[in-house]
Amino acid sequence: LQWSSPPEAIELFKSQEIWFPPPQFYELCRLCNFSSLSQLHKFSSERAPEGCERWMPVLLTASDGYIQLLPGDELYPEDPDYTGEKKISMSTDKKVEDLMKEGSTFHRIIIKNIHSLAVYVNIQAEYKHMNPLMINCDSSDYNSKL
């Protein structure tokens, strides 16, 4: 067990030294917005009275990967299956790249394989929250110093 900053954890993930599921990858990308623990604490203290939103990712199976759709994404269903009782399955014969080219409103995690994730967000975060940095685990495009 070792302590790692969010960028360090993402680097370890990219090098396949550790693994974490897409929701944790998303949250690490969100933490990369802060350059210090005190900056994160200040943000969270000021934002806390706004409350929070509960949501669930919806999996879209593409021909060459998966997309976890999140609320606000243009492909997110109006009535998601929160309980799993409806057994809704979303799939397409299109490639992930084509879905990205066709779209314009994103709140999603692209999953090519278990060690290839990318976060794409261009919507306004609810409850004065911070969107994650859009990080593709195949490139180092983040600046956090946490």
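Residue numbers start at 1 and run along the sequence shown.
Interatomic distance, NZ of K95 versus CG of D64, reported as 6.0 Å (0.5 Å rounding). A distance of 10.5 Å separates NE2 of H129 from CD of E50, quoted to the nearest 0.5 Å. Put simply, CG on L70 and OH on Y120 are 14.0 Å apart, with the number rounded to the nearest 0.5 Å. Taking NE2 of H107 as the reference point, atom CD of Q124 lies at 11.5 Å (rounded to 0.5 Å). Atom CZ of F25 sits about 12.0 Å away from atom NE2 of H115, to the nearest 0.5 Å. We find the CH2-CG distance between W55 and L69 to be 11.5 Å, quoted to the nearest 0.5 Å.
Residues satisfying the ring pair (Phe, Tyr, Trp, His ring centres under 6.0 Å) criterion with F20, sequence neighbours excluded, are F13.
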Passes side chain to side chain donor-acceptor pair (under 3.5 Å), S5 versus E8? Steps please. CA-CA 5 Å; S5 69; E8 290 168 342; 3.2 Å; yes

side-chain contact (heavy atoms from CB on, under 4.5 Å) assessment of K14 paired with E11: CA-CA 5 Å; K14 287 169 50 177; E11 287 297 323; 3.3 Å; yes

Start with the C-alpha distance between I18 and Q2, add both sets of side-chain angles, then the distance that settles side-chain contact (heavy atoms from CB on, under 4.5 Å), and finish with yes or no. CA-CA 11 Å; I18 62 172; Q2 76 179 43; over 6 Å; no

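In terms of heavy atoms, R47 sits closest to K128 at CG-O, 3.2 Å. Of all heavy-atom pairs between M100 and I110, the closest is SD-CD1, 3.8 Å. Scanning both residues, I123 and P71, for their nearest heavy atoms gives CD1-O, 3.5 Å. What you find for C32 and I10 is that their closest heavy atoms are SG-CD1, 3.9 Å. Nearest heavy atom pair, residue I111 against residue Q68, reads CD1-CG, 4.0 Å. Between Y26 and V121, the closest heavy-atom pair is CE1-CG2, 4.5 Å.
The 12-atom threshold is exceeded at CG of N113, counting heavy atoms of other residues, nucleotides or ligands nearer than 6.0 Å. Counting heavy-atom neighbours within 6.0 Å of K112 NZ, excluding the residue itself, gives a total above 12. Residue E74 qualifies as enclosed at atom CD: its count of foreign heavy atoms under 6.0 Å is above 12.
The ring of F34 has its center no closer than 6.0 angstrom to the ring center of H41.
Between R108 and L75 the shortest side-chain heavy-atom distance falls below 4.5 Å. Side-chain contact between I109 and P57: absent, with no pair of heavy atoms (C-beta onward) separated by less than 4.5 Å.
With N136 contributing its side chain and A118 its backbone, the two residues share no donor-acceptor pair below 3.5 Å. Without hydrogens or angle criteria, T105 side chain to D73 main chain gives no donor-acceptor distance under 3.5 Å.
Cluster membership check: Y127 does not share its hydrophobic cluster with M56, using side-chain heavy-atom separations under 4.5 Å among Ile, Leu, Val, Met, Phe, Trp and Tyr.
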